[in-house]
Protein chains: 2
Amino acid sequence: MAKPTRDAEATKASIIQNAMMLFAKNGYEATTAEEIAKECNVNKAMIFYYYKNKAGLYSAVMSHALDAIHEEVIESEKCCVSPLADLEAFIKTYAKYCDEHPYLPALILRELSDSGAHLPEMMFESLRKLFTLLSSILKEGESQGIFHNVIPMIIHFMIVGTINLLVTTKPLRANAVALNADLDTCSDCDIDEISDYIFTKIKLMLEVKNEKNPTCA
Amino acid sequence: MAKPTRDAEATKASIIQNAMMLFAKNGYEATTAEEIAKECNVNKAMIFYYYKNKAGLYSAVMSHALDAIHEEVIESEKCCVSPLADLEAFIKTYAKYCDEHPYLPALILRELSDSGAHLPEMMFESLRKLFTLLSSILKEGESQGIFHNVIPMIIHFMIVGTINLLVTTKPLRANAVALNADLDTCSDCDIDEISDYIFTKIKLMLEVKNEKNPTCA
DNA sequence: TCCTATTAACTAACTGGTTAATTATAACTG
DNA sequence: CAGTTATAATTAACCAGTTAGTTAATAGGA
């Protein structure tokens, strides 16, 4: 069937998608309603028709993105074999999703750097769910005696922050190498190497017991 | 001596300081020239007189901030006792500086999440210097056989990213606890605990040799 | 006097948001 | 099923407020 001349769902979805891309690329303030409308060949008024105002659109975009990643991570992790396997699933799924949807980490980073200035309640919820998920994995690992000396909030930012930064700075790092060849910005590292490395290192960090002088039995 | 009625240096410095604060708090686009001018009791035209345009001011602000932190880290680290001590100095100095100047991490995060979209050359240089510093510490440690399996770029983002996020989200995390008491967002952690924890964990992560099965001797 | 610092007033461009009119479509009706 | 109607989707034109940047005039100090 040919696509209908008017299709509310398609229009709404198109607005969300293009807005997400533009918000991520240029930030909230620098992105104009007209720009978004032009990008998806839709009249500007449609944005206000469907999302009331710019803040409403932003809120919709963020919830959409965060819920999507949360679902993905939940999905991959429902196995519950062991805290270690869950941790690995968390890291790798999060990394892979970010790599495939690079606007997401940019949006999250920007929002966090505002300290949630215009962070809608709904979005805050979604962010919190992700943290709660990792937190429970870490605490389970600690109670099983696998992980030691865990501060979930710090570990969470260590994982999520590192991945977000590596994904968002990908073009920047490639550019840096072009300007200065003897600078190793890991610009060739693909996302699998990166998430593998992060998992390996976080694992080490959590598994070793005595922080000052690691001794073996 | 009484402060002169006209003092170019003081005016310039005042503009930089207040602009830094406002850019960090509200972002580049959301900060207006008039707002900055009002904040430092200076005529708006002075901003354009001294910094040509908004982008010029932003560039000046960023260089100023980044050079300051770089100098601070260099200063504390000139001891060169050992890679481990240098690493500790790097982490703790960076963390302390961020805590004392919380606009800096917000600015850096925002800029990185743009992937340096309007990142001026000058500022890029300053960011690079910081990375080069840590990189040389890590490589020295590796060549001395203290650190193992180091990818400087990832470790750099792990350290700097974690600290930046923890500093910028401080108010957000406090707020989260107020809304949901059984959520541990590390809102009471002070910067010394945090940097100590990060150093301890990064140390573990780098010192243990075999990633798969850590063995001793 | 001459140069630098400073100001108030101005403008041209842009932005979020509105509105009244228009079109497509589905539902109803006889 | 043709024709009517109600309503949801879409548009173009517009508005009021804001913003970066300019300019011409002025005041202070060496």
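In this text the structure is predicted, and so the values were computed from the model without any measurement. Chain letters run A, B, ... following the sequence lines, proteins first, then strands; residues in each count from 1.
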Item to complete: Starting from C1' on C/dT6, measure out to CD1 on B/I15 and report it in whole angstrom.
Response: 11 Å
Discussion item. So, using salt bridge (Lys or Arg N to Asp or Glu O under 4.0 Å) as the criterion, who are the partners of A/K44 when residues are at least two apart?
Written reply: none
Practice prompt. In whole angstrom, give the distance that lies between atom CG of A/D7 and atom P of D/dA8.
Written response: 16 Å
Worksheet item: Which part of the nucleic acid, if any, lies within contact of B/Y50, taking any heavy atom under 4.0 Å across all strands shown: a base, the sugar-phosphate backbone alone, or nothing?
Response: sugar-phosphate
Practice prompt. Could you tell me the separation between the CD1 atom of A/I47 and the C1' atom of D/dT11, rounded to a whole number of Å?
Written response: 13 Å
Fill in: Whole-Å gap separating P (D/dT10) and NZ (A/K12)
10 Å
Worksheet item: Is a side-chain donor or acceptor of B/Y50 paired with a backbone partner of B/E9 at a separation under 3.5 angstrom?
Response: no
Discussion item. Please compare A/K52 and B/N43 by the position of their nearest nucleotide in DNA chain C and report the one closer to 5'.
Written reply: B/N43
Item to complete: Output yes when a side-chain donor or acceptor of B/S136 lies under 3.5 Å from a complementary backbone atom of B/L133, and no otherwise.
Response: yes
Could you write out each protein N or O paired with an N or O of nucleotides 23-26 of chain D at a distance under 3.5 Å?
none

Worksheet entry | From CE (B/M62) to CD1 (B/I108), nearest 0.5 Å | 6.0 Å
Under 3.5 Å, which N/O atoms of the protein pair with N/O atoms of nucleotides 13-16 of chain C?
unit_1 : atom_1 : unit_2 : atom_2 : d
C/dG16 : OP1    : A/T31  : O      : 3.4
C/dG16 : OP1    : A/K54  : NZ     : 2.9
C/dG16 : OP2    : A/A33  : N      : 3.0
C/dG16 : N7     : A/K44  : NZ     : 3.4

Worksheet item: When you measure from the side chain of A/E35 to the backbone N and O of A/T32, does any donor-acceptor pair fall under 3.5 Å?
Response: yes
Worksheet item: OP1 or OP2 of D/dA9 sitting under 4.0 Å from any side-chain N/O of A/T11?
Response: no
Show me the donor-acceptor pairs, under 3.5 Å and distance only, between side chains in residues 94-105 of chain B and residues at least two apart or in other chains.
unit_1 : atom_1 : unit_2 : atom_2 : d
B/Y94  : OH     : B/N164 : OD1    : 2.8
B/H101 : ND1    : B/Y97  : O      : 3.0

Worksheet item: In whole Å, what is the span from the NZ atom of A/K38 to the P atom of D/dT11?
Response: 14 Å
Discussion item. Taking the minimum atom-to-atom distance to the side chain of A/Y49, which one of C/dT4, C/dT7, D/dA8 wins?
Written reply: D/dA8
Worksheet item: Donor-acceptor pair, A/N43 side chain versus A/M46 backbone, under 3.5 Å?
Response: no
Worksheet item: Of all residues at least two apart in sequence or in a different chain, which pass the side-chain hydrogen bond (donor to acceptor under 3.5 Å, both in side chains) check with A/K54?
Response: none
Worksheet entry | Residues that B/E140 engages under side-chain hydrogen bond (donor to acceptor under 3.5 Å, both in side chains), provided they are two or more places apart | B/Q144
